[in-house]
Amino acid sequence: MTADPWANLKQFTDARIGLGRSGSAMPTHEVLNFALSHAMARDAVTTPIDWNPIEKGLADLGLATLRISSATSDRSEYLRRPDLGRKLSDHSREALMRAAEMESGRPDLVVLVGDGLSSMAVAANTIPYLAALLPHVTKSGWKLSPILLADDARVALGDESGEILGSKAVLVLIGERPGLSSPDSLGVYITFSPRVGLKDADRNCISNVRQRGLSYEEAAFKTSWLLREAFRRGLSGVNLKDESQFLIEGHKGSELIG
């Protein structure tokens, strides 16, 4: 029997490589796997998120929460109108204004968790990622506002939220657009001096945070490095290059606490 030359490469990627063939078509099991992956990607986009277990997990970490929503009326409108996903609903804007009035001092960091385009990613990865990040936050002495849990959110929803709360930076955790091999990928976006009108070039992104992607510990290390540099230099985005990999290489085999 001839050895499959792709077998060794498949262990390094979830991408569909070396699928083989049955006559002039793909093997039946590969066709079925593709259909399953497509269904999982659709479910990741359309399944409503259940915030209750996430709230409980955050409470176990000692973190308070506040639920907010974008200006969309339902999931269908969210998918059709990305612009409304970047704006707070009137009710949420008022709730954040009240929260800002109750805050004693300006928070260093607002963390917004948004369902985005994959509720599956948020449900699976939010708690373990934040559990890995909290030691960095504590060591740096950053003051957090309550964690914002946002329905039908786009990344820029964090800009308006952070501006109202007067934070120095905003950290947005959001479900990324699902791929056929990764329906559960969490994106992490860092924006210094958040305010309405910022562009994607003004923020840094850490992508593919999940069990089979970038580890929670490495993602947390990168996040803390970028935040420290953003605070030190007074900027984020294209002018802040992620050089944390040089420190990560020096920490291999040890705990990644910056």
Side-chain angles (χ1 to χ4, degrees), residues 51 54-55 58-59 61-71 85-116 122 126 129-151 153-174 186-206 209 219-220 222-240 242 258:
W51 289 117
I54 296 175
E55 281 182 316
L58 293 172
L61 293 175
L63 298 171
T65 58
L66 175 63
R67 292 200 193 187
I68 61 172
S69 62
S70 72
R86 303 183 185 107
K87 300 176 183 178
L88 288 166
S89 67
D90 292 339
H91 175 76
S92 296
R93 187 176 297 109
E94 293 170 2
L96 288 180
M97 288 178 177
R98 290 193 298 270
E101 292 173 356
M102 296 173 61
E103 281 282 347
S104 56
R106 179 187 181 193
D108 295 305
L109 184 64
V110 166
V111 178
L112 183 148
V113 183
D115 49 4
V122 176
T126 296
Y129 166 77
L130 285 177
L133 181 65
L134 274 180
H136 298 277
V137 172
T138 301
K139 183 174 182 178
S140 298
W142 296 326
K143 179 183 177 182
L144 293 178
S145 69
I147 308 298
L148 306 180
L149 306 179
D151 284 311
R154 301 281 178 175
V155 174
L157 195 68
D159 296 342
E160 185 177 5
S161 303
E163 184 176 22
I164 292 173
L165 293 172
S167 68
K168 297 178 184 176
V170 64
L171 181 68
V172 175
L173 317 183
I174 197 163
L186 186 73
V188 178
Y189 292 82
I190 298 159
T191 308
F192 181 78
S193 188
R195 56 199 182 277
V196 173
L198 292 179
K199 306 299 183 185
D200 289 342
D202 297 312
R203 43 185 133 257
N204 294 84
C205 175
I206 301 169
V209 180
K222 285 177 171 289
T223 302
S224 65
W225 187 92
L226 285 166
L227 282 169
R228 284 197 304 270
E229 290 301 303
F231 290 144
R232 184 175 72 87
R233 304 185 198 182
L235 53 82
S236 60
V238 295
N239 291 317
L240 177 58
D242 180 7

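Just so we're clear, the structure is a prediction, and the values are computed from it rather than from any experiment. If you read the sequence from its start, that first residue is 1, and numbering goes on from there.
- Distance check: T191 OG1 to L112 CG gives 10.5 Å after rounding to the nearest 0.5 Å.
- In this structure, I147 and I54 have side chains that are not in contact, with every pair of non-hydrogen atoms separated by 4.5 Å or more.
- When side chains are defined from C-beta on, I190 does not count as touching L240, because their heavy atoms never get closer than 4.5 Å.
- A distance-only check finds no donor-acceptor pair linking the side chain of S70 to the backbone of R86 [under 3.5 Å].
- Considering all non-hydrogen atoms of both residues, L235 and F192 come closest at N-CD2, 3.6 Å.
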Full working for side-chain contact (heavy atoms from CB on, under 4.5 Å) between L130 and L173 | CA-CA 10 Å; L130 285 177; L173 317 183; 3.9 Å; yes
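- Distance check: W51 CH2 to T65 OG1 gives 10.0 Å after rounding to the nearest 0.5 Å.
- Taking 4.5 Å as the limit, every side-chain heavy atom of N204 sits out of range of all side-chain heavy atoms of D242.
- Summarising the geometry, atom OG belonging to S89 is positioned 8.5 Å from atom CD belonging to E94; distances are rounded to the nearest 0.5 Å.
- Between V122 and I174 there is no side-chain heavy-atom pair separated by less than 4.5 Å.
- With rounding to the nearest 0.5 angstrom, the CZ atom of R195 is 15.0 Å from the CD1 atom of I164.
- In terms of modelled atom types and a separation under 3.5 Å, the side chain of D115 and the main chain of A153 share a donor-acceptor contact.
- The minimum heavy-atom distance linking G158 with P194 is given by the pair O-CB, 4.1 Å.
- Under a 3.5 Å cut-off, the side chain of S92 and the backbone N or O of I68 do not form any donor-acceptor pair.
- Residues meeting the ring pair (Phe, Tyr, Trp, His ring centres under 6.0 Å) test with F231, sequence neighbours left out: W142.
- The side chain to side chain contact (heavy atoms under 4.5 Å, CB included) test with L148 is passed by exactly one of L96, V170, V113: L96.
- Atoms CG and CG, on L133 and L227 in that order, are 7.5 Å from each other to the nearest 0.5 Å.
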Could you check V172 against L157 for side-chain contact (heavy atoms from CB on, under 4.5 Å), going step by step and ending with a plain yes or no?
-> CA-CA 9 Å; V172 175; L157 195 68; over 6 Å; no
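- The side-chain heavy atoms of L134 and L63, taken from C-beta on, include a pair separated by under 4.5 Å.
- For the pair R232 and E229, the salt-bridge criterion is met [side-chain N within less than 4.0 Å of a carboxylate O].
- Of all non-hydrogen atoms in A99 and L66, the two that sit nearest each other are CB-CD2, 4.3 Å.
- Here side chain to side chain donor-acceptor pair (under 3.5 Å) pairs that include residues 154-171, with residues two or more places apart or in two chains, are R93-E160, D108-K168, D159-R203.
- Here OG1 of T126 is found 8.5 Å from CG of L149. Values are rounded to the nearest 0.5 Å.
- Considering every non-hydrogen atom in both K143 and G105, the closest pair reads NZ-O, 3.1 Å.
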